[in-house]
Peer 1: 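Before I ask anything, here is the structure I am working with.
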Amino acid sequence: MTTYGSFPGTRPRRLRTTPAMRCMVAETRLHPADLILPAFVREGVGEPVPVGAMPGVVQHTRDSLRKAAVEAVEAGISGIMLFGVPEEAKKDAVGTAGTDPEGILQVALRDVRAEVGDELIVMSDLCLDEFTDHGHCGVLDAEGRVDNDATLERYAEMAQVQADAGAHVVGPSGMMDGQIGVIRDALDQIGREDVSILAYTAKYSSAFYGPFREAVGSSLKGDRKTYQQDAANIGESLRELALDLEEGADMVMVKPAGPYLDILARVAEACDVPVAAYQISGEYAMIEAAAEKGWIDRDAAIMESLLGIRRAGARNILTYWAVEVAHRLR
């Protein structure tokens with residue numbers, strides 16, 4: 001006798017029988033427009049420089065970055081997030097190259113906007129770590145600690161020069177208290193109310209950033225635990241979220257993505273602005289390395305990892321596979 005509401009009358013496997021069936025009933029989908037490409041541009045190089053710890057990723061020249069931006073448009077992704085890598089001799093204690101209108105990041109912003117205009121959302125990393133000789137995300141005080149309020153003054157300058165260089169969106173990633181409000185005021189003061197702020201709301205101090213430090217030529221000694229968040233905490237992220245929204249964030253982000261899907265889900269549930277997640281260098285490197293060893297199916301693992309981030313609540317995902325995956329989705 002069939003008992004309705006339970007086996008054998010109820011068989012969920014009926015909705016998994018074929019690829020077409022699974023696609024039709026899928027609750028979560030990836031689209032090229034969900035994706036944003038992080039890209040590095042290095043000063044003073046004549047050809048792209050491979051990042052050893054991130055197979056397939058390079059430090060771009062100005063010319064190769066322009067080509068990458070065009071490829072991103074053609075792939076249908078939404079945006080590109082630029083990180084500048086200055087010449088070592090141009091680094092100093094306050095990150096002067098980060099606010100120099102002729103600094104590598106500002107030059108790259110102008111290059112990309114000239115190449116693709118408004119066809120791609122051009123984003124800029126707003127942080128000092130690539131430009132300081134000590135590698136920290138802010139200005140240091142006499143005792144070698146990151147001075148929050150002095151750093152905010154530098155962030156205000158950075159926001160203005162990046163907006164003038166053509167950034168549609170600035171991404172403050174330094175985790176300084178009050179950074180969103182200061183940056184919003186700085187942009188409004190120069191009449192750039194149109195420039196959006198993607199707040200790095202929940203940026204955790206993570207072991208998974210290692211390959212990124214090679215990619216940006218980081219000079220960091222020590223760690224960033226006094227300003228990036230502690231992996232043990234959830235409530236702290238929700239408090240940061242409330243503060244960022246109050247200060248004027250247009251979008252918010254969780255970083256890293258994969259190891260912090262619970263945080264991503266909580267943030268997405270708690271706010272009504274777009275939520276992004278950054279699939280960071282270590283997440284990328286682990287899949288590439290395991291695939292190179294033949295231990296996992298590379299393409300399947302990439303798609304599964306991105307689908308998990310999207311399912312957890314990310315509207316947009318920053319991933320080094322953005323263009324590759326966009327082509328696959330199309």
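The structure displayed is predicted, hence computed values, not measured ones. Note that the numbering runs from 1 along the sequence shown for the chain. These values consider heavy atoms only, across backbone and side chains, with no hydrogens, waters or symmetry-generated copies.
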Peer 1: Does Val122 offer a backbone N or O that forms a donor-acceptor pair with the side chain of His168 under 3.5 Å?
Peer 2: yes
Peer 1: Any side-chain to backbone donor/acceptor pair from His134 onto Ala93? Under 3.5 Å, distance only.
Peer 2: yes
Peer 1: Going by salt bridge (Lys or Arg N to Asp or Glu O under 4.0 Å), name the pairs with one or both residues in residues 22-37, residues two or more places apart or in two chains.
Peer 2: Asp34-Arg310
Peer 1: Side-chain heavy atoms nearer than 4.5 Å, only ILVMFWY residues, links allowed to pass through others: does that put Val107 and Val70 together?
Peer 2: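 No, Val107 and Val70 fall in different hydrophobic clusters.
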Peer 1: Can you confirm whether Thr201 sits close enough to Val267 that some side-chain heavy atom of one is under 4.5 Å from a side-chain heavy atom of the other?
Peer 2: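 When only atoms from C-beta onward are counted, Val267 and Thr201 do not touch, as no gap falls below 4.5 Å.
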Peer 1: Could you go through Ile302 and Glu324, starting from their C-alpha distance and side-chain angles, then the distance that decides it, and tell me whether this counts as side-chain contact (heavy atoms from CB on, under 4.5 Å)?
Peer 2: CA-CA 10 Å; Ile302 290 170; Glu324 175 187 339; 4.2 Å; yes
Peer 1: Would you say Ser305 and Glu283 are linked by a side-chain donor-acceptor pair, where the criterion is simply a distance under 3.5 Å?
Peer 2: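 No pair is found: no donor N or O on one side chain lies under 3.5 Å from an acceptor on the other.
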Peer 1: Mind checking whether Val170 and Ile183 have side chains closer than 4.5 Å, heavy atoms only?
Peer 2: yes
Peer 1: Looking only at heavy atoms, what is the nearest atom pair of Pro86 and Gly84, with distance?
Peer 2: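 Closest heavy-atom pair between Pro86 and Gly84: CD-O, 3.7 Å.
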Peer 1: Quick one, Gln228 and Tyr200 - any side-chain contact, counting heavy atoms below 4.5 Å?
Peer 2: no
Peer 1: So that I can tick it off, tell me whether Asp250 and Arg184 are bridged by a salt bridge, with the cut-off set at under 4.0 angstrom between side-chain N and carboxylate O.
Peer 2: yes
Peer 1: Carefully, step by step, assess Thr132 and Leu140 under the rule side-chain contact (heavy atoms from CB on, under 4.5 Å).
Peer 2: CA-CA 10 Å; Thr132 54; Leu140 303 185; over 6 Å; no
Peer 1: Distance from Ile190 atom CD1 to Asp185 atom CG, nearest 0.5 Å?
Peer 2: 12.0 Å
Peer 1: Within a reach of under 6.0 Å around CD of Glu304, are more than 12 heavy atoms found that belong to other residues, nucleotides or ligands?
Peer 2: no
Peer 1: Would you name the heavy atoms of Ala97 and Gln106 that are closest together and state the gap between them?
Peer 2: O-NE2, 3.5 Å
Peer 1: Below 4.5 Å, heavy atoms only, C-beta onward: do Met303 and Leu329 meet side chain to side chain?
Peer 2: yes
Peer 1: Does any N or O in the side chain of Glu247 come within less than 3.5 Å of the main-chain N or O of Ile180, such that one atom is a donor and the other an acceptor?
Peer 2: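 Yes, Glu247 side chain to Ile180 backbone: donor-acceptor pair under 3.5 Å.
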Peer 1: Do Val58 and Val325 share a hydrophobic cluster (ILVMFWY, side-chain heavy atoms under 4.5 Å, transitive)?
Peer 2: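 Unlinked, Val58 and Val325 end up in two clusters.
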Peer 1: Using the rule that two of Ile, Leu, Val, Met, Phe, Trp, Tyr join whenever any of their side-chain heavy atoms come within less than 4.5 Å, decide whether Trp321 and Ile296 are in one cluster.
Peer 2: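 Yes, it is one cluster - the side chains of Trp321 and Ile296 are joined through contacts under 4.5 Å.
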Peer 1: Under 4.5 Å between any side-chain heavy atoms of Lys255 and Leu318, yes or no?
Peer 2: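 No, their side chains stay 4.5 Å or more apart.
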Peer 1: So, using side chain to side chain contact (heavy atoms under 4.5 Å, CB included) as the criterion, who are the partners of Ala242 when residues are at least two apart?
Peer 2: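 If we apply the side chain to side chain contact (heavy atoms under 4.5 Å, CB included) test to Ala242, skipping adjacent residues, there are no hits.
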Peer 1: Test your reading of the model: is there a side-chain donor-acceptor pair from Glu288 to the backbone of Ala53, 3.5 Å cut-off?
Peer 2: no
Peer 1: Establish whether Val273 and Met253 are linked, either directly or via other cluster members, by ILVMFWY side-chain heavy-atom contacts under 4.5 Å.
Peer 2: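 Same cluster.
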Peer 1: Say you draw a straight line from SG of Cys137 to CG of Asn148; how long is it, rounded to the nearest 0.5 Å?
Peer 2: 12.0 Å
Peer 1: When you check the gap from the basic side-chain N to the acidic O, do Arg110 and Glu102 get nearer than 4.0 Å?
Peer 2: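 Answer for the salt bridge query: yes.
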Peer 1: So, does Ser205 use its side chain to make a donor-acceptor pair with the main chain of Asp230 at under 3.5 Å?
Peer 2: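 Checked: no pair found.
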Peer 1: Of all the heavy-atom pairs spanning Leu152 and Gly178, show the shortest one and how long it is.
Peer 2: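 What the structure gives for the nearest pair is CD2-C, 4.1 Å.
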Peer 1: Between Thr96 and Lys91, does a side-chain contact (heavy atoms from CB on, under 4.5 Å) hold up when you go through it step by step?
Peer 2: CA-CA 7 Å; Thr96 301; Lys91 294 182 180 182; over 6 Å; no
Peer 1: Under a 4.0 Å threshold between the charged nitrogen and the carboxylate oxygen, would Arg154 count as salt-bridged to Glu157?
Peer 2: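 Yes, this pair counts.
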Peer 1: Consider only side-chain heavy atoms of I, L, V, M, F, W and Y, link residues closer than 4.5 Å, and tell whether Met81 and Leu109 are in one cluster.
Peer 2: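 Yes, same cluster.
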Peer 1: Should Asp194 and Arg192 count as an ion pair when the cut-off is N to O under 4.0 Å?
Peer 2: yes
Peer 1: Write down the atom of Gly308, the atom of Leu261, and the distance for their closest heavy-atom approach.
Peer 2: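 In this case the closest contact between Gly308 and Leu261 is O-CD2, 4.1 Å.
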Peer 1: Start with the C-alpha gap between Thr319 and Leu35, add the side-chain angles, then the distance that decides, and say whether side-chain contact (heavy atoms from CB on, under 4.5 Å) holds.
Peer 2: CA-CA 7 Å; Thr319 176; Leu35 306 176; 4.2 Å; yes
Peer 1: Please round to the nearest 0.5 Å and tell me the distance separating atom CZ of Arg66 and atom CZ of Arg113.
Peer 2: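 Reported value, rounded in 0.5 Å steps: 14.5 Å.
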Peer 1: Around Phe208, counting heavy atoms of other residues, nucleotides and ligands shown, do more than 12 lie under 6.0 Å from its CZ?
Peer 2: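 No - once you tally the heavy atoms of other residues, nucleotides and ligands closer than 6.0 Å, there are 12 at most.
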Peer 1: Does this structure show an ion pair linking Asp299 with Arg328, if we count only N-O contacts that are shorter than 4.0 Å?
Peer 2: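 Salt bridge flag = yes for Arg328 with Asp299.
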Peer 1: Show the nearest heavy-atom pair for residues Ala69 and Val112, with the distance to one decimal.
Peer 2: CB-CG1, 3.9 Å
Peer 1: How close do Ala268 and Gly313 get, counting heavy atoms only, and between which atoms?
Peer 2: CB-O, 3.6 Å
Peer 1: If only atom types and distance count, is the side chain of Glu115 paired as donor or acceptor with the main-chain N or O of Lys67 below 3.5 Å?
Peer 2: no
Peer 1: Out of curiosity, Leu128 CG to Tyr155 OH, how far, rounded to the nearest 0.5 Å?
Peer 2: 5.5 Å
Peer 1: With salt bridge (charged side-chain N to carboxylate O under 4.0 Å, His left out) as the criterion, how do Glu269 and Arg266 come out once you've worked through the C-alpha distance, each side chain's angles and the decisive distance to 0.1 Å?
Peer 2: CA-CA 5 Å; Glu269 183 180 1; Arg266 292 286 294 272; 5.3 Å; no
Peer 1: Output the distance between atom CE (Met54) and atom CD1 (Ile280), rounded to the nearest 0.5 Å.
Peer 2: 9.5 Å
Peer 1: Enter the distance from Thr28:OG1 to Leu306:CG here, rounded to the nearest 0.5 Å.
Peer 2: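 Thr28 OG1 to Leu306 CG: 12.5 Å, rounded to 0.5 Å.
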Peer 1: Looking at Ile77, Asn316, Val169, which hits side chain to side chain contact (heavy atoms under 4.5 Å, CB included) with Ile121?
Peer 2: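 Running side chain to side chain contact (heavy atoms under 4.5 Å, CB included) over Ile77, Asn316, Val169 with Ile121 returns exactly one hit, Val169.
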Peer 1: Please check if the side chain of Asp147 supplies one atom and the backbone of Ala150 the other of a donor-acceptor pair under 3.5 Å.
Peer 2: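 Yes; at least one donor-acceptor contact below 3.5 Å.
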Peer 1: Within a strict 4.5 Å, meaning less than it, do heavy atoms of the Glu130 and Phe40 side chains meet?
Peer 2: no
Peer 1: Would you call the rings of Tyr320 and Tyr284 parallel, tilted or perpendicular if under 30° counts as parallel and over 60° as perpendicular?
Peer 2: perpendicular
Peer 1: Under 6.0 Å from the CD atom of Glu47, do we count more than 12 heavy atoms belonging to anything else shown?
Peer 2: no
Peer 1: Is Thr99 close to Met158 at the side-chain level, that is, under 4.5 Å between some pair of heavy atoms?
Peer 2: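 Met158 reaches Thr99 side chain to side chain.
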Peer 1: Are Glu240 and Lys203 close enough that some pair of their side-chain heavy atoms sits under 4.5 Å apart?
Peer 2: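 Side-chain contact under 4.5 Å: no.
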